[in-house]
Every structure is written in C-alpha cells, then in structure tokens.
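Read through the structure below, which is laid out as structure tokens, and then see the notes.
Note that the numbering runs from 1 along the sequence shown for the chain. Reckoned from all heavy atoms, side chains included, excluding hydrogens, waters and symmetry mates. Note that ligands are numbered from 1 as they come in the structure, with each ligand's atoms numbered from 1 the same way.
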Amino acid sequence: MTDIPEQLIEHLRSAAKVVVSTGAGVSAESGVPTFRGKDGIWNKMSPQELASVDGFMANPELVWDWYQYRRELMNKVEPNPGHEAICKMERLFDNFVLITQNVDNLHQRAGSSNIIELHGNATRNKCFSCNELFEGDINLKDKLPHCHCGGMIRPDVVWFGEMLPERAIQNAIKSAEEAEVFFSVGTSAMVQPAASLPLIARQAGAFVVEINIESTSLTNIADIFLQGLSGEVLPHLIAELT
Ligand code: OAD
C-alpha cells in the first residue's frame with residue numbers, strides 16, 4: 001500500500017481550497033478503457049475517424065455507433081472506490097472543485113456535484129448548429145438525428161481540434177490558480193489544455209500531488225508522486241485524513 005506522506009496530510013488539514021483533476025485512469029478500475037498505453041483505445045481505434053469533426057462529417061453513422069457502444073459500456077459499469085473517495089473529499093473540504101477530462105459520467109454517478117466537465121459529457125447530445133442540448137438516448141434507428149433547427153445532433157463531447165467549453169476552461173484555470181492543494185489523478189498529462197492545469201496551480205503556489213500507476217511528464221514537477229491505483233490510493237488517503 002502506497003504510504004501517504006505526513007506532509008500531504010498537514011497541507012490538506014490547513015488547505016482553504018482543494019482541487020482534484022482527473023483523467024481516464026480513474027475509471028480504469030470500473031472497466032472503462034483508457035486512451036493511451038498498451039491497451040489504450042487510441043492504440044486500436046483512429047481518433048481522427050471517431051473523435052473529430054471531420055471524422056463525424058465523413059461518416060456520422062460510424063461515429064454514432066461508436067458513441068452508442070461507449071454509452072452502453074458506461075451504463076453497464078459502476079463508479080469505483082476512487083470515484084467514491086473523491087466524492088467524500090468534496091464533503092470534507094469547504095472549498096473543493098473537481099475538474100475532469102472524463103465524459104463517462106462516473107464521478108456524477110458516484111455523487112460528486114461541484115464538477116467542471118472539461119471535455120463534455122457523453123450522456124448528453126447537442127445540436128451542431130444552435131448548440132441546444134438533448135439529454136438522454138437518441139433514436140438512431142431510421143436516420144441520423146437532427147435538431148428542430150435543421151442542424152445535425154452530435155454527442156456533447158469535445159473532439160480533437162475543437163475548443164473546450166469556454167466557461168469550463170476559464171473556471172478550471174481559476175480553480176487551479178486558487179488551489180492550495182492540487183491533485184492530478186489518472187491522467188497521462190498529454191492533452192492540452194488540461195495538462196497545463198497542475199503547472200498553473202504549481203506556479204500559483206499550490207502543493208501538487210500526482211496519483212498514477214506510472215510516472216508522466218508531470219511527475220518531476222509534482223511535490224509528491226503517489227504511485228498506485230487511484231481506487232486504492234485515494235481511499236487510503238481519506239482514511240489517513242479522517
Ligand atoms: P490517458 O489514456 O491518456 O491516460 C490514462 C492515465 O491513467 C495513464 O497515465 C495511466 O498510467 C493512468 N492509469 C491507468 N489506470 C490507472 C489507475 N487505476 N489508477 C491511476 N492511474 C491509472 O487518459 P487521459 O489523460 O484522460 O480526450 O486522456 C486525456 C484525453 O485524451 C481524454 O479526455 C480524451 C483522450 O483523447 C478527448 O477525447 C478530447
């Protein structure tokens with residue numbers, strides 16, 4: 001079991017604001033595959049075909065099939081002890097923000113509420129033209145779904161080459177700047193702008209903690225690297241703290 005340094009517990013006991021930023025690794029123990037690494041999704045599938053505007057325009061049926069498959073998987077799996085520990089952290093600290101790159105809705109299902117969704121949420125859909133949101137499943141049987149304005153409906157997620165939702169990234173940067181302890185959990189720290197958030201926090205004086213099964217480009221910058229499964233390290237941290 002990864003040791004939780006006393007220094008981290010002290011920082012957390014006196015922190016006015018705690019921020020946790022998560023990536024796909026947090027959901028790996030629930031059975032949702034990560035994107036990179038040996039068994040990563042982007043090792044087997046093409047992000048250009050499945051997660052870009054050009055890919056959607058070229059073959060919307062293929063992209064919808066892919067998202068329907070992912071939604072079925074997301075509905076089948078359950079939040080794991082890592083998601084649950086992050087939810088408990090929200091109750092422990094008066095000022096707590098969760099920033100996630102994940103679109104799988106597992107943090108929300110675990111009970112976290114103060115969440116900044118950097119890359120959208122795959123349980124929602126939106127219109128390409130007017131941005132109206134459509135909750136829930138879409139009937140894809142007969143034809144591709146269209147909005148009443150005539151625009152094509154698509155999953156409400158950020159694809160490669162697209163801008164992040166403006167308010168989400170602004171709030172995430174502000175939270176990183178205000179954080180006294182900033183956790184980066186289960187992310188390869190390879191996708192911008194999410195990868196810059198721990199650096200922004202560090203520059204603004206935060207104590208930066210990385211939790212990951214392996215080191216990343218962030219490891220040398222972090223104050224503490226806790227190597228291990230987020231579903232084990234985070235509950236252990238909560239137990240030590242309480
Ligand atoms: P990646 O697949 O790039 O990285 C997952 C990270 O989680 C790796 O560093 C793993 O070592 C780590 N990891 C795996 N299992 C873990 C566990 N049980 N506990 C702790 N760490 C674990 O996923 P992200 O960094 O989230 O974007 O990828 C960022 C973005 O790239 C995604 O949001 C997605 C993708 O393309 C879009 O689709 C726009």
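- Note: no N/O pair closer than 3.5 Å links N102 and ligand 1 by distance alone.
- Of all atoms in ligand 1, listed by their number and element, those nearer than 4.0 Å to a heavy atom of E29 are 17 (C), 18 (N), 19 (N).
- Of the heavy atoms in W159, none comes closer than 4.0 Å to ligand 1.
- In the vicinity of G228, heavy-atom distances shorter than 4.0 Å reach the ligand 1 atoms 19 (N), 20 (C).
- Under 4.0 Å from ligand 1, heavy atoms of T34 appear from its side chain as well as its backbone.
- Short contacts between ligand 1 and A24, defined as distances under 4.0 Å to a heavy atom of the residue, involve ligand atoms 23 (O), 24 (P), 26 (O).
- With salt bridges taken as basic N to acidic carboxylate O contacts below 4.0 Å, none links K38 and E214.
- For the residue pair T100/T22, the side-chain donor-acceptor check at 3.5 Å is satisfied.
- When the options V191, D104, I211 are ranked by their closest heavy atom to atom 30 (C) of ligand 1, first place goes to V191.
- The F160 neighbourhood of ligand 1 comprises atoms 36 (O), with distances under 4.0 Å to a heavy atom of that residue.
- Comment: R70 does not engage D104 in a salt bridge, judged by the lack of any side-chain N to carboxylate O separation of less than 4.0 angstrom.
- At a 4.0 Å heavy-atom cut-off, ligand 1 touches A28 through the side chain alone.
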Verify side chain to side chain contact (heavy atoms under 4.5 Å, CB included) between N121 and Q108, making sure each step is shown before the conclusion. CA-CA 10 Å; N121 186 315; Q108 291 81 347; 3.6 Å; yes

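- Distances below 4.0 Å separate heavy atoms of E214 from the following atoms of ligand 1: 11 (O).
- Residue contact annotation: A194 has no non-hydrogen atom under 4.0 Å from ligand 1.
- Annotation: the span from I211 atom CD1 to T187 atom OG1 amounts to 12.5 Å, rounded to 0.5 Å.
- Counted by atom type alone, E232 and T2 present zero donor-acceptor pairs between their side chains at under 3.5 Å.
- Taking only nitrogen or oxygen atoms, main chain and side chain alike, G186 reaches within less than 3.5 Å of ligand 1.
- Close approach of ligand 1 to W42 (heavy-atom distance below 4.0 Å) involves ligand atoms 35 (C), 36 (O).
- With hydrogens and angles left out, the side-chain atoms of H83 and S27 include a donor and acceptor closer than 3.5 Å.
- Checked against R167 for a side-chain contact (heavy atoms from CB on, under 4.5 Å), the options N171, I169, L164 give a single hit: N171.
- Using a 4.0 Å cut-off between heavy atoms, H119 contacts ligand 1 through its side chain alone, with no backbone atom that close.
- Note: no N/O pair closer than 3.5 Å links G23 and ligand 1 by distance alone.
- Contact record, N114 with E90: N-OE2, 3.1 Å, taken as the closest heavy-atom pair.
- With a heavy-atom cut-off of 4.0 Å, R36 touches ligand 1 through backbone and side chain alike.
- Polar contact check, S188 against ligand 1: a nitrogen or oxygen pair lies under 3.5 Å apart.
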Checking side chain to side chain contact (heavy atoms under 4.5 Å, CB included) for the pair E6/E240: CA distance, chi angles, key distance, verdict? CA-CA 9 Å; E6 190 51 37; E240 294 282 310; 5.8 Å; no

